[in-house]
Amino acid sequence: GTWQFMSCLLLGRQHVVHTIQDDMESFVHVMLYYGLRYLKHNYARNVPVLLKKIFDDQETDNDGLVVGGTLKRSLINDFGIPLGPDFEFSSAPLQKWFKWAVQAANQWIEHCSPTPLSKNRAIQGAQGVEPQLQFSDHSSMAQAFVECLNSQVWSTDEPCPIDAAPEFDGGTTGTSKCPFASKDIDDGSTGGSTKQSRTSNAIGSRGGSRS
């Protein structure tokens, strides 16, 4: 897998077997990554910093192993930092799907690796009856995405896509003349490359093979 799009549980080394749920969460991260870079939203001026914080996040644990996913987990858990609850894509269908997907991913992560807060919520829930897991298989994700694509309220006046972080590909996309390029996008470079440790460096050392 590509480090930037791997699931929170894999990055945090909280399980060894690579599951379909990891792939579904990865799809959410891919959508967010390209949405942040090319689609209109209300965090446009912070895109270079957001990409680095969300997707390159990593640290070395007490065993000397590279782990990550802390900020992804925060984002997925009630839209925590570095995004906040006010984050919004201008496309209503995409925003609706993204909110559903993040909540479904969070439900699965808490099911697999519950936090003290999620345990309290379970205790306070309806007599211990666990709600249906949206990530139990891929059907709910597929249905939600098809409904998003089939929506009749997609905007027809969106300007052409622009890369909100042109320095990530050598600056070749920074010359777009889209209407909102000059006022909504901060082209300030964060420097460096988005490429960090690959799976072979961070996850491969855990032993065992993916399935």
Side-chain angles (χ1 to χ4, degrees), residues 1-12 14-15 18-44 46-58 67-77 79-83 87-109 112 134-151 154 158 160-170 173 185 190 193-203 210:
T2 301
W3 178 273
Q4 284 81 358
F5 306 131
M6 289 174 65
S7 72
C8 297
L9 295 178
L10 284 176
L11 289 176
Q14 296 183 44
H15 64 196
H18 187 132
T19 67
I20 188 174
Q21 286 78 20
D22 293 309
D23 289 338
M24 288 193 290
E25 183 188 329
S26 291
F27 181 65
V28 179
H29 297 315
V30 170
M31 290 291 292
L32 175 61
Y33 179 85
Y34 282 98
L36 285 172
R37 288 187 68 167
Y38 295 104
L39 302 179
K40 290 193 71 176
H41 53 80
N42 58 342
Y43 275 55
N46 300 320
V47 167
V49 174
L50 288 173
L51 293 179
K52 187 170 184 62
K53 285 186 174 181
I54 298 171
F55 300 104
D56 289 347
D57 173 41
Q58 61 177 248
V67 296
T70 301
L71 290 182
K72 282 182 180 175
R73 180 81 183 259
S74 175
L75 185 159
I76 289 174
N77 183 18
F79 289 90
I81 58 173
L83 292 183
F87 173 78
E88 186 173 5
F89 286 111
S90 64
S91 166
L94 178 60
Q95 177 65 14
K96 180 180 178 181
W97 175 85
F98 180 64
K99 289 189 67 174
W100 175 91
V102 166
Q103 291 166 357
N106 185 55
Q107 182 193 41
W108 179 260
I109 292 170
C112 296
Q134 298 297 325
F135 270 22
S136 59
D137 59 37
H138 70 277
S139 58
S140 294
M141 171 70 85
Q143 179 180 351
F145 197 64
V146 168
E147 289 176 359
C148 171
L149 294 178
N150 289 339
S151 172
W154 284 95
E158 285 286 332
C160 55
I162 182 173
D163 190 346
E167 73 277 10
F168 278 68
D169 65 352
T173 58
I185 302 301
T190 59
S193 169
T194 60
K195 291 185 179 296
Q196 302 260 342
S197 298
R198 291 286 189 175
T199 310
S200 58
N201 295 328
I203 302 301
R210 296 192 319 182

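Just so it is clear, the model here is predicted, and its values are computed rather than measured.
In this model, no donor atom of one side chain and acceptor atom of the other lie less than 3.5 Å apart for Q4 and T2. Using a 3.5 Å distance cut-off with no hydrogens or angles, the side chains of E147 and Q143 do pair a donor with an acceptor. In this model, a donor atom of one side chain and an acceptor atom of the other lie less than 3.5 Å apart for T19 and D22.
The distance from atom CH2 of W97 to atom CE of M31, rounded to the nearest 0.5 Å, is 4.5 Å. Interatomic distance, N46 CG to K52 NZ, rounded to the nearest 0.5 Å: 15.5 Å. Rounding to the nearest 0.5 Å gives a distance of 10.5 Å between CG of L50 and CG of L71.
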Task: CA sep, side-chain torsions, deciding dist, call: Q58, W3, side chain to side chain contact (heavy atoms under 4.5 Å, CB included) - done: CA-CA 9 Å; Q58 61 177 248; W3 178 273; 3.4 Å; yes

TODO: Check the pair F27 / F145 against side chain to side chain contact (heavy atoms under 4.5 Å, CB included), numbers first and verdict last.
DONE: CA-CA 11 Å; F27 181 65; F145 197 64; 3.9 Å; yes

Open item on the list: Using side chain to side chain contact (heavy atoms under 4.5 Å, CB included), reason through L36 and F55 one step at a time and then give a plain yes or no.
Closed with: CA-CA 12 Å; L36 285 172; F55 300 104; 4.3 Å; yes

Open item on the list: Using the rule given for side chain to side chain contact (heavy atoms under 4.5 Å, CB included), can you reason through W108 versus M24, listing the C-alpha separation, both sets of side-chain angles and the distance that settles it, and then say yes or no?
Closed with: CA-CA 11 Å; W108 179 260; M24 288 193 290; over 6 Å; no

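Looking at Q21, its side chain does come within 3.5 Å of a backbone N or O of S136 through a donor-acceptor pair. In terms of modelled atom types and a separation under 3.5 Å, the side chain of D57 and the main chain of I54 share no donor-acceptor contact. Judged by distance alone, the side chain of W154 and the main-chain N or O of C148 form a donor-acceptor pair under 3.5 Å. At distances below 3.5 Å, not a single donor-acceptor pair connects side-chain atoms of S90 with backbone N or O atoms of H41.
The one candidate from M141, M6, H18 that meets the side-chain contact (heavy atoms from CB on, under 4.5 Å) condition with D23 is H18.
No side-chain heavy atom of V67 sits less than 4.5 Å from a side-chain heavy atom of L11. Proximity of Y34 to L39: side-chain heavy atoms (C-beta onward) are nowhere separated by under 4.5 Å. No side-chain heavy atom of I162 sits under 4.5 Å from any side-chain heavy atom of Y38. Side-chain contact check for Y33 versus V28: every heavy-atom pair is 4.5 Å or farther apart.
Summarising the geometry of Y43 relative to P82, their closest heavy-atom pair is CE2-O, 4.1 Å, with the distance given to 0.1 Å. The shortest non-hydrogen separation linking S7 to S26 is N-OG, 3.9 Å. Between L32 and F98 the shortest heavy-atom distance is CD1-CZ, 3.7 Å. Considering all non-hydrogen atoms of both residues, C8 and E25 come closest at N-OE2, 2.8 Å. Listed here is the closest heavy atom pair of I76 and A105: CG2-C, 4.0 Å. Closest of all the heavy-atom pairs between Q95 and E88 is OE1-CA, 3.4 Å.
Partners of S140 under the side-chain hydrogen bond (donor to acceptor under 3.5 Å, both in side chains) rule, at least two apart in sequence or in another chain, are Q134.
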